[in-house]
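Data first, discussion second: the structure below is written as C-alpha cells.
Chain letters run A, B, ... following the sequence lines, proteins first and then strands; every chain starts at 1.
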Amino acid sequence: MPVDETPLEHERRSKVERLRAEGREPYPWVFPDRVLAEEVLRRCEGLAPGTEAAGPPVRVAGRLKALRLHGRTAFADLEDVSGSIQLLLRSDTMGDGEFDAGMRYLDPGDLVGAEGVPAVSKRGEPSVHARSVTMLAKAIAPPPEKFHGLQDVEERLRRRYLDLLASPESRALFRTRAHLLREVRQYLDASDFLEVETATLLPVASGAAATPFETHSRYLDADLQLRIALELPLKRLLVGGLERVYELGKSFRNEDMDTTHSPEFTELEAYWAYADYHDMRRLTEGLFGRLADRVRELLPDSPPAQEGAKEFTPPFATVDFVEELERRSGISGLLAKSPEELRGLARAAGSTVPDRSTPGVFLDKLFEHYVEPHLQHLTFVVDHPAATTPLAKRHRSKPDRVERFEMFYRGFELGNAYTELNDPDEQEARFREQLASQGEDRYAYDADFVRALRHGMPPATGIGIGVDRIVMGLTGTPSIKEVILFPLVRPR
RNA sequence: GGGCCCGUAGCUCAGCCCGGUAGAGCAGGCGGCUCUUAACCGCAAGAUCAGGGGUUCGAAUCCCCUCGGGCCCGCCA
C-alpha cells in the first residue's frame with residue numbers, strides 16, 4: 001500500500017479489493033463491440049421522451065464524469081472521444097444485485113462500459129438504458145473538480161492528462177492541432193512536395209543563430225548538438241535533385257521561454273527548386289487559407305478561433321521593411337547609415353545588444369522596436385535589408401535588399417521565406433562575416449554546406465514556419481505552452 | 001537578469017489589508033430518495049495554510065530567505 005495514499009485513494013483502493021473478492025475484475029482486458037456516444041445520440045434522434053429505440057442493445061465505454069443517485073434509480077454521464085452520453089440505471093431493469101453493486105463500486109473518474117438500449121429519458125435526455133455496467137478500469141486517484149475542472153496552470157502543464165480528461169476544450173484544441181498538421185501535409189503533398197526527415201543530432205547545429213542544446217555520443221566519442229533549424233540539410237536535398245521537399249519536426253533552442261518561445265518547438269520548412277519568393281508567397285497564402293477553413297470547421301463555437309481563422313484568410317497586408325521602419329520611426333536614409341550610426345539609433349531605441357553586432361542586428365532591433373508591436377493583424381513584411389539576412393539572395397531590383405518575406409501576427413513572427421542564396425562563394429563570405437561579429441568559436445559554421453553549394457543548388461525559394469505559433473494564431477491561444485502537449489517545465 | 005502577482009483539504013475557492021489558533025462547495029464516508037443532468041436532503045469526517053527563518057504573549061495573516069508557477073520588461077540575427 002503506497003505511503004502517500006490519501007484517504008480518498010484508500011477508499012477507492014478498497015473498492016478494488018472488494019470487487020476482486022466478488023469475482024469482478026476491476027481491470028479487465030477488453031470491451032468489444034462498443035459504439036461511440038455520438039452514435040447513440042443518432043439512434044436517439046426522433047424518440048419521444050420516456051421511450052426506447054427498437055432493435056438490439058448497444059455497448060458504450062468511457063470515463064464516468066458524474067453519478068446522480070435517486071435510490072432505486074441513478075443517472076451517470078459517460079464521456080468518450082466523441083462526446084458524452086447519459087446512462088439510465090434502474091434496479092428493476094438491471095436487477096437489484098447488479099444495481100447495488102454498481103452503486104457500491106462506481107465513482108466519478110472510473111472507466112466503465114455499459115450495455116443497454118438507446119432511450120430518451122422522461123426529461124428528454126438521450127441515454128443508454130443500461131442492462132449492465134462493467135468496470136473497465138477503477139480510478140484510484142480522484143478526478144479534478146467536476147464543474148471548474150483543473151484551474152491550476154502549473155498542474156495543467158505538468159500533468160497534461162489531467163487537463164485533457166477534465167477539459168473537452170483542451171481535447172478539442174489538440175485535436176485541432178493534429179488536423180492542422182494533417183492539412184499542411186495534404187496541401188504540400190498535393191503540390192508535389194516530398195516529406196523528408198533530416199537529422200536532429202548534428203556535430204554543429206546551424207541555420208540560425210540560437211544557442212544549441214549539447215549532448216554526446218558514447219560510441220563515436222563525439223560532442224553533438226540538437227538542431228536549431230531545418231534549413232541547411234533541406235537545401236542539401238535540393239543539391240541532390242529532390243527539387244521540392246519539406247520537413248515537419250522539432251527544433252531545439254537553448255534559450256529563455258516566454259509566451260511565444262519554447263525550447264522545443266515544431267517547425268515546418270519547405271524548399272522549392274526553380275521557384276522564387278513570389279511563388280512561395282502564393283503557396284503560403286494558399287496554405288493559410290486552407291488552415292483557416294479547417295479551423296472554421298473544427299472550432300465553430302470558439303470566438304477566438306473564428307477570429308484567428310478570419311485573420312489567416314487571404315488577402316493579407318504587405319509592408320516594405322525599410323519603408324515601414326522609416327515611416328514608423330521617422331528616421332530617413334536608413335540604408336545609407338554607417339554601422340556606428342545604426343548602433344546609436346538602436347541604443348536610442350533601448351537595445352542592449354553587443355557593440356560588435358553586425359549592422360543587420362541593429363536594423364532588426366530597430367524594426368522590433370518601432371514596427372513589430374504594430375503588426376497586430378496578419379502582415380507580410382517584405383524585402384529586408386541585405387545586412388539582416390545571411391542566407392537569402394540579393395534583391396533583383398532593390399539595392400542593398402534581399403528577396404525575403406516574414407509574416408507577423410499579434411506582434412510576433414510566424415514565419416520567414418527567401419529566394420535562397422545559392423552562390424557558394426557569397427555564402428561562405430556571409431558565414432565568415434557572421435562568425436566574426438559573434439566572436440564566439442562555438443558557432444562554427446557548416447563548411448560542408450558551402451561545399452554542397454559548390455556542386456550547384458538550383459535557384460530556389462524556401463520557407464520556415466513556426467507551427468506552434470500558427471496553431472496559437474489560428475486558435476486564438478495566448479501562450480505557446482497551451483498548444484504544446486508536454487511543454488518543458490522545471491523538474492521538481 | 002529586473003518588476004508585479006500567485007501557492008490554504010484530492011479539486012475549485014473564502015479567510016490575509018486590520019495578527020487571536022482554518023471556512024465553504026465539489027469529490028469521498030454513513031443515511032434517505034425510481035427522471036436527474038453543477039440533482040437534492042440530513043449526519044459525520046477530511047488541512048505539516050509551498051518550505052525555512054524572524055517579529056510577537058500569539059502568525060495562514062506582518063518581515064526576510066528559498067522553492068515552484070503566471071504575467072510584463074530585458075536577452076535570444
>> For A/G71 and A/R68, find the nucleotide of RNA chain B closest to each by heavy atoms; which residue's nucleotide sits nearer the 5' end?
In response: A/G71
>> For the C1' atoms, the ones on B/U66 and on B/G74, what distance do you get once it is rounded to whole angstrom?
In response: 24 Å
> Applying a 3.5 Å limit to both distances, which nucleotide forms a Watson-Crick or G-U wobble pair with B/A9?
Replying inline: none
> How would you list, by chain and number, every residue that makes a salt bridge (Lys or Arg N to Asp or Glu O under 4.0 Å) with A/E247, sequence neighbours excluded?
Replying inline: A/R227
>> So, using salt bridge (Lys or Arg N to Asp or Glu O under 4.0 Å) as the criterion, who are the partners of A/K138 when residues are at least two apart?
In response: A/D107, A/D110
>> Can you confirm whether more than 12 heavy atoms, excluding those of A/R394, are under 6.0 Å from its CZ atom?
In response: no
>> Say we look at B/C35 and B/U48: how far apart would their P atoms be, to the nearest angstrom?
In response: 40 Å
> Among all residues two or more places apart in sequence or in another chain, which pass the salt bridge (Lys or Arg N to Asp or Glu O under 4.0 Å) test with A/R72?
Replying inline: A/D96, A/D100
> Can you name the residues that form a side chain to side chain donor-acceptor pair (under 3.5 Å) with A/E426, not counting sequence neighbours?
Replying inline: A/R430
>> Work out how far the P atom of B/C65 is from that of B/G23, and round it to whole angstrom.
In response: 32 Å
For nucleotides 22-26 of chain B, print each protein N/O atom paired with a nucleotide N/O atom at under 3.5 Å, atom names and distance only.
from  : atom 1 : to     : atom 2 : distance (Å)
B/C26 : O3'    : A/K146 : NZ     : 3.3

>> Say we look at B/G51 and B/A60: how far apart would their P atoms be, to the nearest angstrom?
In response: 11 Å
> RNA chain B: A/Q151 or A/G124, which has the more 5' nearest nucleotide?
Replying inline: A/Q151
>> Tell me every residue that passes side-chain contact (heavy atoms from CB on, under 4.5 Å) with A/R68, counting only those two or more places apart in sequence or in another chain.
In response: A/A66, A/H70, A/F75, A/D77, A/Q86
> Residues two or more places apart in sequence or in another chain: which of them pass salt bridge (Lys or Arg N to Asp or Glu O under 4.0 Å) with A/E22?
Replying inline: A/R24, A/R104
>> The criterion is ring pair (Phe, Tyr, Trp, His ring centres under 6.0 Å); which residues satisfy it with A/F431, sequence neighbours excluded?
In response: A/Y445
> Heavy atom of residues 100-112 of chain A under 4.0 Å from RNA chain B: which residues?
Replying inline: A/D107, A/P108
>> Treating primed atoms plus P, OP1 and OP2 as sugar-phosphate and everything else as base, which nucleotides of nucleotides 66-72 of chain B get B, S or - for protein heavy atoms under 4.0 Å?
In response: --SSSSS
>> Applying ring pair (Phe, Tyr, Trp, His ring centres under 6.0 Å), can you list everything that pairs with A/Y277, at least two apart in sequence or on another chain?
In response: none
>> The criterion is ring pair (Phe, Tyr, Trp, His ring centres under 6.0 Å); which residues satisfy it with A/Y409, sequence neighbours excluded?
In response: A/F312
